[in-house]
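Reading through the structure tokens given below for one structure.
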Amino acid sequence: SDADAEDGTDPGELRTPIVAVLGHVDHGKTTLLDKIRGSAVTEGEAGAITQHIGATAVPLDVISDLSGRLVDPDDFDLPGLLFIDTPGHHSFSTLRSRGGALADIAILVVDVNDGFQPQTLEAIDILKRTQTPFVVAANKVDTVPGWNPQPDTPIQGSIEAQSDRAESDLNDRLYEIIGQMSDHGFSSDMYWRVQDFRNNIGVVPCSAMTGEGVPDLLAVMMGLSQRYMKEEMSIDTSGPGAGTVLEVKEEQGFGTTIDVVLYDGTVREDDHIVVGGMNEPIVTDVRALLQPRPLAEIRTESRFETVDEVVAAAGIKIAAPGLDDAMAGAPVRVVRDRGEASVIEAVEAELAQFEVETAEE
Ligand code: GDP
């Protein structure tokens with residue numbers, strides 16, 4: 001902004017926060033991601049939402065459209081949210097960036113009928129350990145007996161449309177969750193009563209099925225990022241790329257490729273890169289940067305299209321020689337201004353820390 005420019009500091013550019021969805025099996029993680037993706041596709045103009053490799057980018061204007069009037073785009077300068085497509089705490093805990101969590105923020109999905117379950121507790125422990133800011137999606141509100149669904153609306157309006165009985169039933173379940181949060185060391189409350197989202201976790205009642213409360217969830221995630229993550233989101237977009245391997249995959253015509261979430265800088269075709277490997281860092285050159293082709297074109301063309309460069313935050317498939325020993329969770333670094341040796345050292349240090357931490361789990 002102008003203010004930043006005047007005091008002489010370079011604010012850099014703001015990247016999209018990376019969001020992970022965690023929670024117990026069957027509590028609705030996949031449905032929630034599908035809902036966000038699906039609504040964004042319906043709501044946005046063509047091309048507004050972009051499918052990345054392993055992630056979905058929802059830009060600010062689409063979030064604003066989806067949120068009813070909860071998000072005014074003029075109040076935000078972060079470009080949107082990038083959701084990691086693979087939900088679950090196993091993927092979350094193996095996905096690191098420079099020792100922290102790869103995801104900047106998280107949604108903990110809890111079924112309002114089922115409350116806290118073993119994997120909810122595991123997720124809570126991981127979020128605590130990685131100090132990842134999160135909100136609780138108190139999901140499946142539509143299963144409360146007598147619920148009168150209000151598809152895709154903000155939750156407070158939806159609650160007003162319920163019978164006293166259904167509302168009080170829902171409140172009992174929500175307070176149960178707030179109590180369980182407290183048992184595990186987190187102060188939490190209905191998100192509309194939360195002033196400071198760092199000290200008090202927001203609980204967002206929602207239904208991934210009917211979409212009610214999903215506008216609120218997007219608004220709260222956006223607000224949380226804008227308020228508390230702006231500094232971390234400020235990056236030098238032209239700097240050397242840094243990312244984390246999501247998956248190592250064989251692709252016809254490309255050999256072994258890595259699916260990467262890029263969280264810093266830029267990666268370009270022909271860039272020299274260092275990738276964490278099973279035995280030692282792999283030093284290679286990017287042969288192709290691949291993105292999913294829009295669904296409509298897949299029947300006639302290959303599944304992927306090549307791009308010249310990718311800027312963080314983004315999900316990208318990298319084809320390069322020698323990737324057979326690459327590992328999920330390992331760091332990827334572009335070698336540019338720092339010499340190759342120092343980048344290899346950084347990758348080794350990060351891998352060593354990663355191994356210590358996964359051994360502890
Ligand atoms: P995951 O294992 O956490 O990814 O859970 P899924 O998204 O696969 O959901 C598990 C089951 O719960 C599926 O049958 C979903 O259709 C159902 N489900 C998910 N969210 C909701 C919801 O908000 N309301 C209702 N009624 N069912 C839901």
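Indexing begins at 1, ligand by ligand and atom by atom, following the structure's order.
What sits closest to atom 23 (O) of ligand 1 on the protein, heavy atoms only, is A208 N, 2.9 Å. When hydrogens are left out, the protein atom nearest atom 20 (N) of ligand 1 is N139 ND2, 3.2 Å; that is the closest non-hydrogen contact. Atom 4 (O) of ligand 1 has as its closest protein heavy atom T30 OG1, 2.5 Å. For atom 26 (N) of ligand 1, the nearest non-hydrogen atom of the protein is D142 OD2, 2.8 Å. Among all non-hydrogen protein atoms, the one lying nearest atom 18 (N) of ligand 1 is K140 CE, 3.7 Å. The nearest heavy-atom contact from the protein to atom 5 (O) of ligand 1 is G28 N, 3.1 Å. Among all protein heavy atoms, the one lying closest to atom 27 (N) of ligand 1 is M209 CE, 3.2 Å. Among protein heavy atoms, atom 6 (P) of ligand 1 sits closest to T31 OG1, 3.5 Å.
Ring pair F186/F134: centre-to-centre distance below 6.0 Å.
Side chain to side chain, D85 and T56 meet the donor-acceptor criterion of an N or O pair below 3.5 Å. For the 3.5 Å distance criterion, the side chains of E212 and W147 qualify, holding a donor opposite an acceptor. Counting only N and O atoms by type, the side chains of H24 and Q119 include a donor and acceptor under 3.5 Å apart. The closest side-chain donor-acceptor pair between D65 and S67, if any, does not fall under 3.5 angstrom.
Looking at L78 and L60, their side chains never come closer than 4.5 Å, going by heavy atoms from C-beta outward. Between I344 and E280, every side-chain heavy-atom pair lies at or beyond the 4.5 Å cut-off. For the pair V112/P205, no side-chain contact is recorded, criterion being any heavy-atom separation below 4.5 Å from C-beta on.
For ligand 1, the atoms closer than 4.0 angstrom to any heavy atom of S207 are 22 (C), 23 (O), 24 (N). The H24 neighbourhood of ligand 1 comprises atoms 3 (O), with distances under 4.0 Å to a heavy atom of that residue. Of all the atoms in ligand 1, the ones that sit under 4.0 Å from a non-hydrogen atom of V25 are 2 (O).
Partner of V286 under the side chain to side chain contact (heavy atoms under 4.5 Å, CB included) criterion, chosen from D270, V334, I318, I316: I318.
The proximity of H27 to ligand 1, defined as any non-hydrogen pair under 4.0 Å, is limited to the backbone.
In this structure, atom 13 (C) of ligand 1 is not in close contact with the protein, since no protein heavy atom lies within 4.0 Å of it.
Not a single N or O atom of P87, backbone or side chain, sits closer than 3.5 Å to an N or O atom of ligand 1. Annotation: C206 places no N or O atom under 3.5 Å from an N or O atom of ligand 1; distance criterion only. Considering backbone and side-chain N/O of T143, none are found under 3.5 Å from N/O of ligand 1.
With values rounded to the nearest 0.5 angstrom, L323 atom CG is found 6.0 Å from T284 atom OG1.
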